[in-house]
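Single-structure report; data block below.
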Amino acid sequence: ACLIRELQPSVIVHAAANASASWCEANPEQADLLNRQATAFVADVGERVGSKFMLISSFAALDPTTVYARTKEGSEERLQEVLLIMLFFG
């Protein structure tokens, strides 16, 4: 947070998440903390300094039956106002 406030980047490239479906299923609270809440925190700080977001995610985030996808969906909903582009990879 301090670094974002200090640097005031125009774009934040965010790729942090745990994409292991089995880990997310076994640890749903931690998955939510890492994949949704941490992303929302970075987005909040970035939004305060005018940063836009580039979110990088895996195609696994598109499967709504998994904990991973649900946590990623929550972060993506928060990012709608500051999202510049969302990239998916296999």
| query | Mind checking whether Val49 and Phe41 sit in one hydrophobic cluster, side chains of I, L, V, M, F, W, Y counted as touching below 4.5 Å? | reply |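 Yes, because Val49 and Phe41 connect within a single hydrophobic cluster, where side-chain heavy atoms sit under 4.5 Å apart.
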| field | Non-hydrogen atoms of Lys72 and Ala17 that approach each other most closely | value |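 Here Lys72 and Ala17 meet closest at NZ-CB, 3.9 Å.
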| If you take all heavy atoms of Ala31 and Cys24, which pair is closest and at what distance? |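 The answer is CB-SG, 3.8 Å.
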The criterion is side-chain contact (heavy atoms from CB on, under 4.5 Å); which residues satisfy it with [X], sequence neighbours excluded?
| X | result |
| --- | --- |
| Asp63 | Thr65, Thr66 |
| Gln30 | Trp23, Asn27 |
| Val42 | Ile4, Ile12, Phe53 |

| Arg36: salt bridge (charged side-chain N to carboxylate O under 4.0 Å, His left out) partners, not counting sequence neighbours |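 Testing Arg36 for salt bridge (charged side-chain N to carboxylate O under 4.0 Å, His left out), a comparison that skips the adjacent residues, returns Asp32.
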| Residue list, side chain to side chain donor-acceptor pair (under 3.5 Å) with Asp44, at least two apart or on another chain |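 So Asp44 forms a side chain to side chain donor-acceptor pair (under 3.5 Å) with Arg78.
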| said: List the residues meeting side chain to side chain donor-acceptor pair (under 3.5 Å) with Ser10, not counting sequence neighbours, and say none if there are none. | reply: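 Side chain to side chain donor-acceptor pair (under 3.5 Å) list for Ser10, sorted by chain: empty.
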| said: By the salt bridge (charged side-chain N to carboxylate O under 4.0 Å, His left out) test, which pairs, at least two apart or in different chains, include something from residues 4-28? | reply: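 Not a single pair qualifies under salt bridge (charged side-chain N to carboxylate O under 4.0 Å, His left out).
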| task | Output the rest of the hydrophobic cluster of Leu7: all Ile, Leu, Val, Met, Phe, Trp and Tyr residues reachable through side-chain heavy-atom contacts under 4.5 Å, sorted by chain and number. | result |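 Cluster partners of Leu7: Leu3.
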| field | Main-chain N/O of Asn18 paired to Asn35 side chain as donor or acceptor, under 3.5 Å | value |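 Judged by distance alone, yes, a pair lies under 3.5 Å.
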| query | Distance from Leu55 atom CG to Thr39 atom OG1, nearest 0.5 Å? | reply |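 With rounding to 0.5 Å, CG (Leu55) is 6.5 Å from OG1 (Thr39).
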| field | Steps toward side chain to side chain contact (heavy atoms under 4.5 Å, CB included) verdict (Thr71, Val67) | value | CA-CA 6 Å; Thr71 62; Val67 170; 4.2 Å; yes
